[in-house]
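Okay, structure first, notes after.
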Amino acid sequence: MSLGAVDLPYFSENGFRRAQCSATGLWFWSRDVARKTCGDSQEDEYTFIGNPLISGFPETGSALKDKMRETFLNFFEQQDHTRVEPYSILARWRDDIHLTIASIAVFQPHVTSGTVPPPANPLTISQPCIRLTDVDAVGASGRHLTTFEMMAHHVFNRPKDGEVYYWMNECVEFCDHLFVDALGIDANEITYVENPWSGGGNAGAAVEVIVGGLELATLVFMNLQEDEDGGVEIKGIKYSEMDLQIIDTGYGLERFCWAAAGTPTIYEAIYPESVSWLKELTGFSQILESTNINLDELLGQMSRLLGIMNIEIGSDESSLRKVLIARLAERGVEIDEQTLLSVSQPLSRIYAIPDHMHALCNMLGDGLVPSNAKAGYLARMLIRRVLRMRDELGLQVSICELAEHHLEFNYDESRMKQTRAGFLQILQLEEERYSVMLRKGENVVKGMLKSLPIDAVEIPDEILFTLNDTHGMAPALVIGIAKSSGWSEVSLRGGFTAELAQRHASQAKQAAKSTAKGRVLPQLPTTKKLYYDDVWMTNHNAEVLHCSQEGDDWIVVLNQTCLYPEGGGQAFDLGTIDGIEVKDVQIENDIIIHTITSKVSGNVEVELDISRRRQLMDHHTAVHIVGGAARTLLGPHVYQAGANKNTDSARLDITHHSRLSRDDLNEIEKLSNQVLQQTQTTEKMELPRAQADKEFGFDLYQGGAPKGGDVRILKIGEHDVQACGGTHHDEPAKIGSIRIIRSSAVQDGVERLTIVAGAAALEHSRRQAELLSEASEVFGIDENDLPRTASRFFEEWKTQRKRIESLEAEVTRLKTEGGSDSATEVDGIRYVFLEVDGDNKQMVAMVGELTRDSDKPTVAVIGSREGGGKLLVAITENSIASQKHDANAILKAISHHIQGGGGGRPTFAQGGGSKPDGIEAALEQARQDLLN
RNA sequence: GGGCGCUUAGCUCAGUUGGAAGAGUGCUUCGUUUGCAACGAAGAUGCCGGGGGUUCAAAUCCCCCAGCGUCCA
C-alpha cells in the first residue's frame, strides 16, 4: 500500500474540502470550495505583491524579522512548546554535512534515530540555515536566498512507550491557528497540499502549506524507515513504521516577512537598507531614468512570473529571457531585451550582495575560516561572488565596508562567536587573495588568447573551462579581459554556463567512495573499558570471550581491558596478555580487539606498557592545552581540524587564516606551559548529549562528531573543554613541559603544530643539543657562533665558485688564443681538432671562444674523456665555414667511436657516449673527413 | 575528499621539437639631468621547489614528495 489521504478531523470540522489540483495533479485541502489549483502551480501566481497577506507588521528589515520570529516562537510557547536556542550554522556535530541546512539537521542523527533524547519535547526553534544549491538564482529570481531562518516546531513521539505529544491533526491545527489567528491571513487563501516526503532512509506523510502562491511552511510526519519487508511503498522503496514518530516542520521566516511586506522581491522585505544603499552607490536611479519604466511594476510582474515559471537552474538564460519578455508583454509591460538586461542585471547583484553578506556573517561569525577545501571553500566562494558582483557593479567599496554596513543594519553582532575585528580581518585577507588571483589570472588569460585570431567571436570552450577551473577566472570575466585587450568581437556562447555546471556535476559523480574495512565477529558483549576508571591501572585479570586466527596472528576479545584502542587520534596501547605481546588494539562497535602472536583462552592476565601509555597521555593532554592556548591567543575561529598523538611527538591541526610565525608559536608554547602549572586537576565527566550541548556548546566536538548518546568530557580548568574518548592526566603538571617544535601548512586555512611533551620533550631537546654540538665540531667553533659561521662559509663557497669559473674561462682563453698547433687552415677556414680535459660547461666555453670571431671562420671539433666521452662540434655562424659544413652531420659521422649519439643545431652540435677511449679515433676521423 | 594548474634572479614573469639560463623591474657604480615613476653606460645577483628515473645530454619528458593556487563535492 502507499500513503493514503491526509484525512484529518480538523479539516472536516472546519469546512475544508479535498480536491485534486488541475495543474499538478496533487491532492490538496482548502476552505475555498471553488479552488481548482493547489496554490503552488503554474496557474497560481503571487497575490501578495503590493498587497500584504499578513497584517500588523509595518516594519521592514531586521525589525520585521525580529518581530515575526518572536510572534512565531511566542505562539508555540503558548501552546506548551519549549523554546530552544538556535544551534551553530556549522554542523560540527555531524560528519556528513558542513552546514546546517534545516532545523531538523540539528537533531540528526542521534535524536532522530532515538539514541539521544531531544533537548525539549515538544520544542520550537528558529534555526539559521544555509543552502548553496541555488546560489546562482539568488538575486535573479526575486525569492531565492542562500541563508534563511527556518522556524519550526518539532515533536518526538514514542507511541510504544506511551509517550505521544501530538500528531498530524494537532500539528495542522497549530499551523492553521498561527496563520489565521496570530498572523491574520485570510483563511480562504490557505491550502494544504499532500506531498509525501522521503529521504535519507526515512519517509512519511507531509503537507505543504501554501498562501498567496507562496509556500510558507512544510509539515512532515516522519514515521517510516526503509525496510525491504515493509508494507508501505513510496517512490518504489518499501518502508515500515518506526518506534519514533517525528514531526518536522519548516516555516520560512524570510518568506513570512515578504508576505507581510508585500514588496516586489523578498530582498526588499528583509534587507531594505542594504538594497537602497547599494542602489545609491551604483547610481541605479540614473540607469532607470534612461529606460522610462515603472520599476516596481516591472519587478512585481517579474517576481510573479518567475515564481510560477519553475525555472531550472542552469537553463539557457537568453532563451529564458525571451520567454520572460513575451510573458511580460502579455501583462502590459513592454520591454526589450537590452533594457531588461540593463535593469535586471545590476539589480540582481544589488539583491544578492546582502544575502551573501548575511550568509558570511553566519558562517564566519561561527568561526569558519575560508579555505580552498571543505566548508571553508563555501565561504570563499561566497566572498568571491560578492567581490565579483561588486566589481561588475563598479562599486568603489571594500568588502569590509560592505560587511560593516551589513552588521549595522542586518545582523545582531552578539550572535557572532568570532570577534568583529577577526571577522573583518578575514574578509580583508580574502579580498587581497582575490586581487592577487585576478592579477595573475589576467596574465594567464592574455597568454592563452595569444593564438586566437583578433576577429574571433568565441573563445574555445577548452580555454574557458581551464581558466575557470584552474585559475578561478569566471567565463564572463575572461570575456571582459579579452574585449579590453583587443578581441572586441568575442562574446559568451549561450548555454556555456550550463555546460560548465554539467561538467562539474559529472566530475563529482565519478569521484569514487571508499568503504571502511570491518571484521566479521560473532555477537559479543561490549568490552568494559577499565582505562576510563583508572588511567594508571597496569594489570588485571580478564575472561577471553573470543580468540581466532588471522594470518600469523590471533585476535582476542576480552570481557574487560585496560589497553586503550586506537581512536580519537591517540595511538593504541601496548602490553601483554598472559605474557604474550600485544601488537595492535582496535575498537569496532564498542568491542575491543587485541592482536597477539599466539592463542589464549580462559582467564588471562593483562598487563599495560605504562611508559608508552604515559607518553601518549602526556601528548594527548598537551594537545588539548595547546589547542586551548591557540584559541585564546589567535581567536575563536581556531578549531581542531585533526590530531594525532604518538610516542615520539604529537601533532595538532588548527583552523587559522594565516601562517604562524615562530613568535606566534613561542606565545602559544608559553601560555601552554603556564596552564600546565596553574591547573591543578583536570575534570573528567560523562554527560548525556543534550546536557553536554547545553552546558558547553558545540566547540566540544573538536575531535569529531559525537558517536553515541553519552559523551565523555575533559575539562582543563577554564582553559579548554572537549568531548574526548582518550586517556588523560588527572594532574596536568605531571606532563612536565610542552614544546611546540614547528608549524607547517596542511591545507589552506589549516596549520599543523608539532608538539612534544613530557619525556619526549626532554628527548627532543637532547637530540637538538647533540645536532648542534656535532655541527659546531665540524667547524671547530662554539655553538653560539654556528649561524654566523655557517653563513660566512656559504658566502665564501659561492664567491669561490664564481672565482673558479672565471679562472676556467681565463684558462680557456689562453689555451685557444694564438696559433695552436692543432689548428689547420684550408681555403680560408680554420679547422681545430682538440682533445681537452674538462666537463661539458668548460668545453662549451672553449668552442665559444674559438668560433666567436667572424673574421676567423672556424670549424671546431673538441672531445673530452669525461663522463663516458663528450664531443662538441661548433662552426662560426654566418661565415663561409657555416655555409660549407654542418655541425650535426659531422658529429653524427664520428660519434659511433664513443658508442653514443647527439645532436643540435647546424652550427653547434654536442654529443656523448659510453666509450671514452674512442675520443682519439673520433677526432682523427673528423680530421680525415674534413681535410681530405 | 576529487579534478586541474603552478614552483626559474630580491620582485613580476618569458624560456618553442630535450642541446650555451633570459627579459622587465629593482639593486651597485659612473655619467647626464636635478619639476617628472627622467636618460645613458657598465656591473652584480640562479642547487630552474626537493628526490628518483629515462637519455650521450633534462629547467624542459616520466614517477614520487612538498609547498602554493584554483574549481567542484
Side-chain angles (χ1 to χ4, degrees), chain A residues 95-99 132-133 135 370-378 380-381 384-385 433-434 436-444 446-448 450-451 462 464-475 500-514 659 744-749 752 794-795 797-799 801-802 805-806 809 812 839-849 851-852 863-874 877 887-888 891-892 894-916 918-919 922:
Chain A
D95 49 17
D96 53 341
I97 52 172
H98 296 307
L99 300 168
L132 294 171
T133 43
V135 67
S371 142
N372 58 7
K374 298 185 182 174
Y377 171 71
L378 302 174
R380 176 164 292 168
M381 180 193 74
R384 298 204 164 172
R385 284 182 68 93
R433 285 203 173 100
Y434 179 71
V436 169
M437 188 205 81
L438 275 189
R439 192 172 44 70
K440 291 196 172 179
E442 202 168 318
N443 286 341
V444 178
K446 285 178 181 164
M448 289 186 96
K450 265 179 196 158
S451 56
E462 271 317 304
L464 288 178
F465 284 132
T466 306
L467 284 169
N468 184 77
D469 285 5
T470 67
H471 300 98
M473 302 299 283
L500 185 68
Q502 187 71 42
R503 195 174 155 121
H504 288 151
S506 67
Q507 267 178 8
K509 232 178 244 175
Q510 281 168 9
K513 277 186 179 175
S514 67
R659 294 302 311 269
S744 51
V746 177
Q747 170 206 316
D748 190 24
R752 170 164 297 172
F794 185 56
E795 287 304 318
W797 170 76
K798 280 206 286 192
T799 53
R801 197 182 51 173
K802 289 280 159 204
E805 268 175 32
S806 70
T812 305
D839 64 7
N840 214 47
K841 202 170 179 182
Q842 287 166 276
M843 289 168 74
V844 165
M846 239 177 246
V847 295
E849 276 298 321
T851 58
R852 187 187 300 147
S864 158
R865 287 170 195 257
E866 265 193 33
K870 304 273 181 217
L871 281 169
L872 231 132
V873 182
E877 288 197 37
N888 240 323
L891 180 74
K892 287 235 157 67
I894 62 171
S895 61
H896 68 271
H897 289 287
I898 54 167
Q899 291 179 355
R905 303 191 307 267
T907 56
F908 186 93
Q910 54 182 306
S914 51
K915 192 182 155 198
I919 289 288

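Letters A, B, ... mirror the listed sequences (proteins, then strands); counts begin at 1.
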Practice problem: Give a yes or no answer on whether the side chain of A/Arg385 reaches the backbone of A/Val135 with a donor-acceptor pair at less than 3.5 Å. | Solution: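 Checked: pair present.
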Quiz item: Distance from A/Arg865 atom CZ to A/Ile898 atom CD1, nearest 0.5 Å?
Solution: 11.0 Å
Exercise. To the nearest 0.5 angstrom, please state how far the CE atom of A/Met473 sits from the CE atom of A/Met448.
Key: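 Here the interatomic distance stands at 11.5 Å.
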Quick one: is [N] close enough that its OP1 or OP2 comes under 4.0 Å of any side-chain N or O from [X]?
| X | N | result |
| --- | --- | --- |
| A/Lys374 | B/G1 | yes |
| A/Arg384 | B/U70 | yes |
| A/Asn468 | B/U70 | no |
| A/Arg380 | B/U70 | yes |
| A/Arg659 | B/C68 | yes |

Give one of base, sugar-phosphate or nothing for [X], where a contact means two heavy atoms less than 4.0 Å apart.
| X | answer |
| --- | --- |
| A/Ala909 | nothing |
| A/Met437 | sugar-phosphate |
| A/Gly913 | sugar-phosphate |

Self-check item: B/C4 and B/A41, which share atom name C1', separated by this distance in whole Å
Solution: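 B/A41 and B/C4 have their C1' atoms separated by 47 Å.
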Exercise. Please measure how far the P atom in B/C6 lies from the corresponding atom in B/C62, and state the result in whole Å.
Key: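 It comes out at 11 Å once rounded to the nearest Å.
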Quiz prompt | A/His98 side-chain proximity, nearest of B/G69, B/C71, B/A73 | solution = B/A73
Quiz item: Which one, B/C13, B/C56, B/A20, comes nearest to the side chain of A/Lys870?
Solution: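 Selected nucleotide: B/C56.
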Can you check the [X] [atom1] to [N] [atom2] distance for me, whole Å?
| X | N | atom1 | atom2 | answer |
| --- | --- | --- | --- | --- |
| A/Leu891 | B/G19 | CG | P | 15 Å |
| A/Ile97 | B/G1 | CD1 | P | 19 Å |
| A/Arg503 | B/A73 | CZ | P | 15 Å |
| A/Phe465 | B/U70 | CZ | C1' | 16 Å |
| A/Leu500 | B/C71 | CG | P | 11 Å |
| A/Met448 | B/G5 | CE | P | 10 Å |
| A/Gln910 | B/A58 | CD | C1' | 12 Å |
| A/Lys440 | B/C13 | NZ | C1' | 10 Å |

Exercise. List the atom of A/Pro475, the atom of A/Asn468, and the distance in Å for their closest heavy-atom pair.
Key: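 Nearest heavy atoms, A/Pro475 then A/Asn468: CD-OD1, 3.7 Å.
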Practice problem: Over all heavy atoms of both residues, which pair between A/Gly749 and A/Ser371 is shortest? Give the atoms and the distance, please. | Solution: CA-CB, 4.4 Å
Quiz item: So, do A/Arg433 and A/Met437 sit near enough that their side-chain heavy atoms are less than 4.5 Å apart?
Solution: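 Not touching, per the 4.5 Å side-chain cut-off.
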Quiz item: Nearest nucleotide by nearest heavy atom, which residue falls closer to the 5' end of RNA chain B, A/Gly869 or A/Gln747?
Solution: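 Final value for this comparison: A/Gly869.
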Self-check item: Contact nearer the 5' end of RNA chain B, comparing A/Arg439 with A/Gly912
Solution: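 Going by which nucleotide is closer to the 5' end, it is A/Arg439.
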Provide the Watson-Crick or G-U wobble partner of [N], both distances under 3.5 Å; none if there is no partner.
| N | answer |
| --- | --- |
| B/G43 | B/C27 |
| B/A66 | B/U7 |
| B/A57 | none |

